[in-house]
Amino acid sequence: MRILAIESSCDENSAAIIEDGHVRSLVTVTQQIHQQFGGVVPELAGRSHLELQDVNVTSALKQAGVALRDLNYIAATCGPGLIGSLLVGHSYATALSGTLGIPLISTHHMEAHLWSVEIDRGPLPLPFLVLLVSGGHSMLVIVRGFRDYEIIGSTRDDALGEAYDKVGKLLGLGFPAGAAIDREAQAGDPRAIAFPISMRDGSFDFSFSGLKTAVAYKLRDEPQWAQEGKRADLLASFQAAAMQSILEKVSRAAKTHNVRAIAAAGGVAANSALRKGLGEIATQLGIEFAVPAMKYCADNAAMIGFAAWKQITAGILATALTVRPRWPLTDLSQTVAHSI
Ligand code: KG4
Ligand code: ZN
């Protein structure tokens, strides 16, 4: 079974070929135009997807040595995400599926991040706990099977990646700043500044806006922390406070829900401190641990095709007529094409 998958929910345009659950090719282009604005500009993102979409699909087909007539399914991100960006990829996929006469699978972006933990390593033992952390979402989910998810915690304000990006903006580190902060923090002292550790209230919810504000006040009151040499200490201290809050919750959630594995996915799952900390918790608890390869952490079409493959093998052929910019993971039912 060959699937052409398309991802265009935000500022990455990506196409992939998935064959029987294996990635045959993946082409991902991150739009650079947003850097100068310090955040994604929706209109520019949509226009850039228009330029990239067909080029990336053509490259993904070529790299896999697959022709359009060899495809059995098309999968495209239907939501959540930016409306204009989603429309470009999903409409392209709709047109192609109609032309080729093959089904379109309208895929949920966060569900695709969730299953990306299995792309390389195969099935994880159930139930497992997955931490979904990206620029737009932070969630703790218990997975008992395909389409059997319980969200036990989510962020009450900023997503974790958003907090990284906002701290990066305060320091002029460019956008997005997560990877740069991760790199620089490795050279710093995480005990240099005792930033507050949020949400130690027994819930599994997160909050990162207080931490971001604490960093802003620190820089306002003691600007020397922005200087070369001191900046790494500030960033390491920020990261340590963010990680402490997350790792305490993951550890407690894993014990409370008796899970057999811990996993993390989404852009921030690329973070070295997070990967290390989660791995240590899994080792302590004697359970399995999985994070996707770096190319499957950030937004990519391989995860879209992989999640679509899971759907198809579960017998769910859901085609949405249009995109769903807001689409909670708790509502995976979707508009199926009208019968004619
Ligand atoms: O999943 P993703 O590519 O896009 C969304 O769906 O949001 O996640 C992007 C986010 C950005 O906020 C970026 O700063 C963050 O992931 N990120 C990181 C790292 N690499 C990317 N955050 C912390 N450490 C990293 N190494
Ligand atoms: Zn994402």
Side-chain angles (χ1 to χ4, degrees), residues 5-14 26 28-32 34-35 38-40 42 45 49 76-82 85-86 89 107-117 119 130-139 141 154-155 158-171 173-186 188 206 208-209 211-212 215 235-236 238-243 245-247 264-278 291-304 306-307 325-327 329:
I6 289 170
E7 156 63 30
S8 73
S9 65
C10 191
D11 59 338
E12 263 91 21
N13 186 277
S14 182
L26 172 63
T28 303
V29 175
T30 301
Q31 302 170 358
Q32 301 299 324
H34 309 290
Q35 273 183 7
V40 178
H49 282 297
T77 307
C78 179
L82 299 172
S85 297
L86 289 166
T107 310
H108 191 289
H109 182 82
M110 295 313 291
E111 185 180 45
H113 270 305
L114 189 159
W115 289 109
S116 69
V117 302
I119 293 180
V130 59
L131 173 72
L132 291 178
V133 272
S134 69
H137 298 86
S138 304
M139 277 186 250
V141 186
S154 26
T155 184
D158 293 351
L160 181 57
E162 200 178 347
Y164 269 86
D165 294 338
K166 285 179 176 170
V167 166
K169 201 167 183 178
L170 291 171
L171 290 161
L173 293 178
F175 174 84
I181 293 179
D182 184 6
R183 262 193 314 276
E184 195 168 335
Q186 287 173 33
F206 306 103
F208 298 108
S209 81
L211 174 58
K212 167 206 69 192
V215 174
L235 292 175
F238 155 73
Q239 178 156 284
M243 291 306 155
S245 163
I246 291 172
L247 295 174
V268 191
N271 185 272
S272 53
L274 184 64
R275 290 167 96 96
K276 183 165 172 278
L278 291 174
V291 276
M294 293 297 190
K295 64 184 171 201
Y296 305 137
C297 284
D299 291 346
N300 68 90
M303 69 179 192
I304 302 302
F306 189 78
R326 287 180 205 281
W327 188 8
L329 188 60

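A quick note: this is a predicted structure, and the numbers were derived from the prediction, not measured. As the structure lists them, so they are numbered: ligands from 1, and atoms in each ligand from 1.
Distance from atom 11 (C) of ligand 1 to its nearest protein heavy atom, with residue and atom name: Asp165 OD2, 3.5 Å. Closest to atom 3 (O) of ligand 1, if we only count protein heavy atoms, is Asp299 N, 3.1 Å. In this structure, the protein non-hydrogen atom closest to atom 15 (C) of ligand 1 is Val268 CG2, 3.9 Å. Atom 20 (N) of ligand 1 has its closest protein heavy atom at Gly267 O, 3.5 Å.
Distances from the Zn ion (ligand 2) to each N, O or S atom of His113 single out NE2 as the nearest. Between the Zn ion (ligand 2) and the N, O or S atoms of Asp299, the shortest distance is to OD1.
Among the atoms of Gly135, some N or O lies under 3.5 angstrom from an N or O of ligand 1. Distances between N or O atoms of Pro176 and those of ligand 1 include no value under 3.5 Å. Checked by distance only, ligand 1 and Asn271 come closer than 3.5 Å through their nitrogen or oxygen atoms. Polar contact with ligand 1: present for Gly161 (N/O pair, distance under 3.5 Å).
In Asp182, the part holding a heavy atom less than 4.0 Å from any atom of ligand 1 is the side chain. At a 4.0 Å heavy-atom cut-off, ligand 1 does not touch His137 at all.
In this model, no donor atom of one side chain and acceptor atom of the other lie less than 3.5 Å apart for Asn13 and Ser8. Donor-acceptor pairing under 3.5 Å is recorded for the side chains of Ser9 and Glu7.
Ala159 approaches Gly135 most closely through the heavy-atom pair CB-O, 3.7 Å.
The shortest side-chain heavy-atom distance between Leu173 and Ile181 falls under the 4.5 Å cut-off.
In summary, no N, O or S atom of Cys10 is located under 2.8 Å from the Zn ion (ligand 2).
The aromatic rings of His109 and His113 sit perpendicular, their planes meeting at an angle over 60°, well past the 30° parallel limit.
Each of Thr155, Leu132, Val268, Asn271 was evaluated against Leu160; a single residue qualifies, Val268, per the side-chain contact (heavy atoms from CB on, under 4.5 Å) test.
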